[in-house]
Amino acid sequence: MPEKRRGNLYLYLGLACFLAIIAVFFFDGYLGIYDTTYITSEELEQEITAERWGRKGDYPFNYGVSYGEPVYFRYEIDNRRFTKYPTSIEASLWRGGERVLTLFSEERSIGPFDEVIVEWAVDTSLLEPENHTVKIERGKVERRIILRMERETPPMPPKW
C-alpha cells in the first residue's frame, strides 16, 4: 500500500510543478504595462507594438508622409496589472531639437486590466516641409517617431 501512495505523491508533485511553470509564463509574459501606437496617413495604418519598441537598432521609428496630408495618431495603453496605473501622457512635435507644438497632454489613471486610448492629429500643411519628430512620453517611457516629409512630385507629361 505505501508504494501506491508514493506514486500518487509523484503525480501530484509533477502537476504542481507544471502549474507553477504555467503561472511563471503568465506572470512574466502577460502582466505589465503595454503600449501600442497606430499611425494613419493616406488610408494606410501602421501599428507599432511594445515589442517593436524593444528591439535594438529599430529606435526611433521612421514614417514617411506626404507633405500637406494629415497624419492621425492613436496611442493605446494597456494596464495588465492588478493595481491602478496613474500616469501622465504627452505627445509633442519637435524639429531640430526644439519643441514646435504640444499635440496632447493629460493625466490619466488606468484601472486594473483596463486600457486607455488617446488620439490626436498632425496637419502637415501647417508645418515646414522638413522632417519632424513626434515624441510620446508616458511617465519615464519615451517613444519617438520621425515623420519624413515627402513632397509629391508632379506627374511627368506624356511623351508623344
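All figures in this text were calculated on a predicted structure; none of them were measured in a lab. Starting from 1, each residue takes its place in the sequence as its number.
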Do Tyr75 and Tyr38 have their ring centres less than 6.0 Å from each other?
no
Starting from [Y], can I reach [X] by hopping between I/L/V/M/F/W/Y residues whose side chains sit under 4.5 Å apart?
{"X": "Ile146", "Y": "Leu103", "value": "no"}
{"X": "Leu101", "Y": "Met149", "value": "yes"}
{"X": "Ile39", "Y": "Trp94", "value": "no"}

Rounded to the nearest 0.5 Å, how far does [atom2] of [Y] lie from [atom1] of [X]?
{"X": "Glu137", "Y": "Ser105", "atom1": "CD", "atom2": "OG", "result": "9.5 Å"}
{"X": "Asp123", "Y": "Glu69", "atom1": "CG", "atom2": "CD", "result": "9.5 Å"}
{"X": "Glu115", "Y": "Asp35", "atom1": "CD", "atom2": "CG", "result": "12.0 Å"}
{"X": "Phe82", "Y": "Leu31", "atom1": "CZ", "atom2": "CG", "result": "5.5 Å"}
{"X": "Tyr85", "Y": "Ser109", "atom1": "OH", "atom2": "OG", "result": "10.5 Å"}
{"X": "Ser92", "Y": "Lys135", "atom1": "OG", "atom2": "NZ", "result": "6.5 Å"}

Under the side-chain contact (heavy atoms from CB on, under 4.5 Å) test against Leu147, which residue among Asn62, Asn131, Leu127, Val134 passes?
Val134
Could you report the tightest heavy-atom contact between [X] and [Y], atom names first, then the distance?
{"X": "Gly111", "Y": "Lys84", "answer": "CA-CG, 4.2 Å"}
{"X": "Tyr72", "Y": "Ala121", "answer": "CD2-CB, 3.6 Å"}
{"X": "His132", "Y": "Glu130", "answer": "ND1-O, 2.7 Å"}

Carefully, step by step, assess Arg143 and Arg138 under the rule side-chain contact (heavy atoms from CB on, under 4.5 Å).
CA-CA 9 Å; Arg143 309 290 194 211; Arg138 174 183 47 89; 4.2 Å; yes
Verdict with supporting geometry, Trp120 and Val71, side-chain contact (heavy atoms from CB on, under 4.5 Å)
CA-CA 9 Å; Trp120 65 89; Val71 182; over 6 Å; no
For side-chain contact (heavy atoms from CB on, under 4.5 Å), just list the numbers for Glu45 and Thr40, CA-CA rounded to whole Å, side-chain angles, deciding distance to a tenth of an Å, and then say yes or no.
CA-CA 4 Å; Glu45 184 176 82; Thr40 306; 3.5 Å; yes
Do the non-hydrogen side-chain atoms of [X] and [Y] ever get within less than 4.5 Å of each other?
{"X": "Asp78", "Y": "Ile33", "value": "no"}
{"X": "Arg108", "Y": "Val118", "value": "yes"}
{"X": "Leu93", "Y": "Thr133", "value": "no"}
{"X": "Ile117", "Y": "Arg74", "value": "yes"}
{"X": "Leu15", "Y": "Tyr10", "value": "no"}
{"X": "Tyr63", "Y": "Ser41", "value": "yes"}

So does Thr49 get a backbone contact from the side chain of Thr36, meaning a donor-acceptor N/O pair under 3.5 Å?
no
Under the 3.5 angstrom rule, does the side chain of Asn79 hit a backbone N or O of Thr83 as a donor-acceptor pair?
yes
side-chain contact (heavy atoms from CB on, under 4.5 Å) between Val100 and Glu98: does it pass, once the steps are laid out?
CA-CA 6 Å; Val100 175; Glu98 295 181 14; 5.8 Å; no
Over-ring placement of Arg80 relative to Tyr34, 6.0 Å and 45° cut-offs:
yes
What do the steps show when you test Glu142 against Arg144 for salt bridge (charged side-chain N to carboxylate O under 4.0 Å, His left out), and what is the final call?
CA-CA 7 Å; Glu142 180 181 285; Arg144 286 191 229 160; 2.9 Å; yes
Check the pair Ser66, Glu42 against side-chain hydrogen bond (donor to acceptor under 3.5 Å, both in side chains), reporting the backbone distance first and the verdict last.
CA-CA 8 Å; Ser66 296; Glu42 296 180 5; 2.6 Å; yes
